[in-house]
Undergrad: 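Pasting in a structure now, in C-alpha cells, and then I'll have a few things to ask.
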Number of protein chains: 2
Amino acid sequence: MTKKLAPHDKINSLVGFQIQMAGLCLNEAARTALSADGLSPAKVTALSLVGANPGCEQSALARALSINRASAMKLVNVLEDHGLVERRPGRDLRSNALYLTPSGKHRLDAMIDRLAAAERVVLANLDDAERAMLIRLLGRVRG
Amino acid sequence: MTKKLAPHDKINSLVGFQIQMAGLCLNEAARTALSADGLSPAKVTALSLVGANPGCEQSALARALSINRASAMKLVNVLEDHGLVERRPGRDLRSNALYLTPSGKHRLDAMIDRLAAAERVVLANLDDAERAMLIRLLGRVRG
DNA sequence: TATTGTTATACTCTATAACTATA
DNA sequence: TATAGTTATAGAGTATAACAATA
C-alpha cells in the first residue's frame, strides 16, 4: 500500500532519474492547479517562452522545447484557439512572429500565481535557501 | 538561430519550470544513449524500480510512476516482450509479482552505465559537490 | 465493497514524410 | 540548397470505462 518503491542503487545517483521522479510530483500538482484553465503544464511553459520572447518564430519555440516544427505547429494552434497567442507576419515572408494577446498576458500571470501556490505545498520540505539553491543548480544544467 | 529562448521572469522562479527545462536536456541525452536498446528513459526507470523492488505488484509500480493500472499493464507487457521482466504469481491470487529476468538485470546494469556516461557530458558545468547537492535536493522534493 | 489485473477505446503528444513558399 | 511553415499520417503514452476474479 506504500506510495513509493525503493530506487535502484546505481540509478539513484543519476541526475536524470532524480529529475524524472521529482518531476512526477511537481507535474501532478501543476496539472491539478491548472485544471480550470484547460492547459497542461507544458503548454504554460510554451506560453511563458512566447511571453518572454515576443516576436519569436515557431521554429525557435520548437528548438527551445526540443520538439519538431510539426509539433510546434499544433501547439501554437491550440494556444491560438484559446486566444492566448497570436501569429503575426515575421521578418521573412515565410516566418511567423509569435506574441501573447492581452488576454494571454493576463491569464499567464494568473496561472503562474496558481502554480507558485501549488509548489509551496509540494516543496514544504525545502526551506527558502534550499529552494533557491535547487533553482540555481537546475539552471546550470541547462548551460 | 539561438538554441534557447529567454525564460519568463516570474516562471523562472518555479522549480517545476526549471525541472521541466533541465529534464529536456537530460532526457534527450538519455534517449540517445539508449537508442540501441529500444527503450525510452522512462521505461528504464520502470525497469530499475522493479529491480530494486523484486516481487512488487503492477499496481505498486503504477503508483510509483503516477500512471494508472491500464498504462502499467502495457508498460509491463513491453518489458516482458523484451525479456527484461517476468510476471510470477503474487501473494494474492489476483496479483502479479514482478521480477527482473537474469538478462534484465544484466542489461539494466549496462544501460545505467551508458546513462551515467551520457550524463557526465551534459552535466560538465557542475562539479562533483554540486552534482551531489542537486541529487540530494531533488530527493527531498520527492519527500 | 474494494482491489488486481485485464481489455477495448479514445485522447494527447510527438515524429516522419511530403509539400509550398520563401531565402 | 536550405529554411519556415503547413498538412497528413502514424506511433508512443496515457486515461476512461467496463469486466472478471479475488479479497
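Below, chains carry the letters A, B, ... as their sequence lines are ordered, and counting in each starts from 1. Atom set for the values below is all heavy atoms of this structure, side chains included, hydrogens, waters and symmetry mates excluded. In this text the structure is predicted, and so the values were computed from the model without any measurement.
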Undergrad: Check every atom of C:dT4, D:dT16, C:dA23 against the side chain of B:Ser95 and return the nucleotide holding the closest atom.
TA: C:dT4
Undergrad: Starting at atom CG of B:Leu79, determine the distance to atom P of D:dA12, rounded to an integer number of angstrom.
TA: 14 Å
Undergrad: Please report the distance, rounded to the nearest Å, between CE in B:Met73 and P in D:dC19.
TA: 18 Å
Undergrad: Quick one: A:Leu39 CG to C:dC13 C1', roughly how many Å, whole number?
TA: 15 Å
Undergrad: Could you tell me whether A:Asp127 atom CG has more than 12 heavy atoms of other residues or ligands within 6.0 Å of it?
TA: yes
Undergrad: For A:Asp128, is the CG atom crowded, meaning more than 12 foreign heavy atoms sit under 6.0 Å from it?
TA: no
Undergrad: Atom NZ of residue position A:Lys10 - does it have more than 12 heavy atoms of other residues, nucleotides or ligands inside 6.0 Å?
TA: yes
Undergrad: Determine the contact category for B:Ser71: base if any of its heavy atoms lies under 4.0 Å from a base atom, sugar-phosphate if only primed atoms, P, OP1 or OP2 are that close, otherwise nothing.
TA: base
Undergrad: Identify which nucleotide among C:dG5, C:dC13, C:dT14 has an atom closest to any side-chain atom of A:Ser40, counting heavy atoms from C-beta outward.
TA: C:dC13
Undergrad: Can you check the B:Asn96 CG to D:dT22 P distance for me, whole Å?
TA: 13 Å
Undergrad: Side chain of A:Lys74, base of C:dT14: donor and acceptor closer than 3.5 Å?
TA: yes
Undergrad: Could you check how far CD1 of B:Ile67 sits from C1' of D:dA12, rounded to whole Å?
TA: 13 Å
Undergrad: Looking at A:Asp9, I want to see if its CG is surrounded by more than 12 non-hydrogen atoms of other residues, nucleotides or ligands under 6.0 Å.
TA: no
Undergrad: Please check the phosphate of C:dG5 (OP1 and OP2 only) for any side-chain N or O of B:Ser59 closer than 4.0 Å.
TA: yes
Undergrad: Answer with base, sugar-phosphate or nothing: what part of the nucleic acid does B:Arg91 contact at a heavy-atom distance below 4.0 Å?
TA: nothing
Undergrad: Could you check which of D:dA4, C:dT6, C:dT4 has an atom nearest any side-chain atom of B:Arg69?
TA: C:dT4
Undergrad: Looking at every strand, decide which applies to A:Asn68 at a 4.0 Å heavy-atom threshold: base, sugar-phosphate, or nothing.
TA: base
Undergrad: Measure CG/B:Leu65 against C1'/D:dA15 and give the value in whole Å, please.
TA: 15 Å
Undergrad: For A:Asp81 and C:dT12, give me the distance from atom CG to atom C1', rounded to whole Å.
TA: 15 Å
Undergrad: Given atom CD of A:Glu28 and atom C1' of D:dT14, what is their separation to the nearest angstrom?
TA: 13 Å
Undergrad: Considering only C:dG5, C:dA23, D:dA4, which nucleotide approaches the side chain of B:Glu57 most closely?
TA: C:dG5
Undergrad: With DNA chain C as reference, determine whether A:Leu93 or A:Lys43 sits nearer its 5' end, using the nearest nucleotide of each.
TA: A:Lys43
Undergrad: So, B:Asp37 and B:Lys43, do they make that salt bridge, N to O below 4.0 Å?
TA: no
Undergrad: Could you measure the distance from the CZ atom of B:Arg87 to the CD atom of B:Glu80? Nearest 0.5 Å is fine.
TA: 4.5 Å
Undergrad: Hey, is the side chain of B:Asn77 poking within less than 4.0 Å of OP1 or OP2 on C:dT7, counting only N and O atoms?
TA: no
Undergrad: Which nucleotide sits closest to the side chain of B:Arg87: D:dA8, C:dT6, D:dA23?
TA: C:dT6
Undergrad: Taking for each residue the nucleotide of DNA chain D bearing the nearest heavy atom, is the 5' side occupied by A:Arg94 or by A:Gln58?
TA: A:Arg94
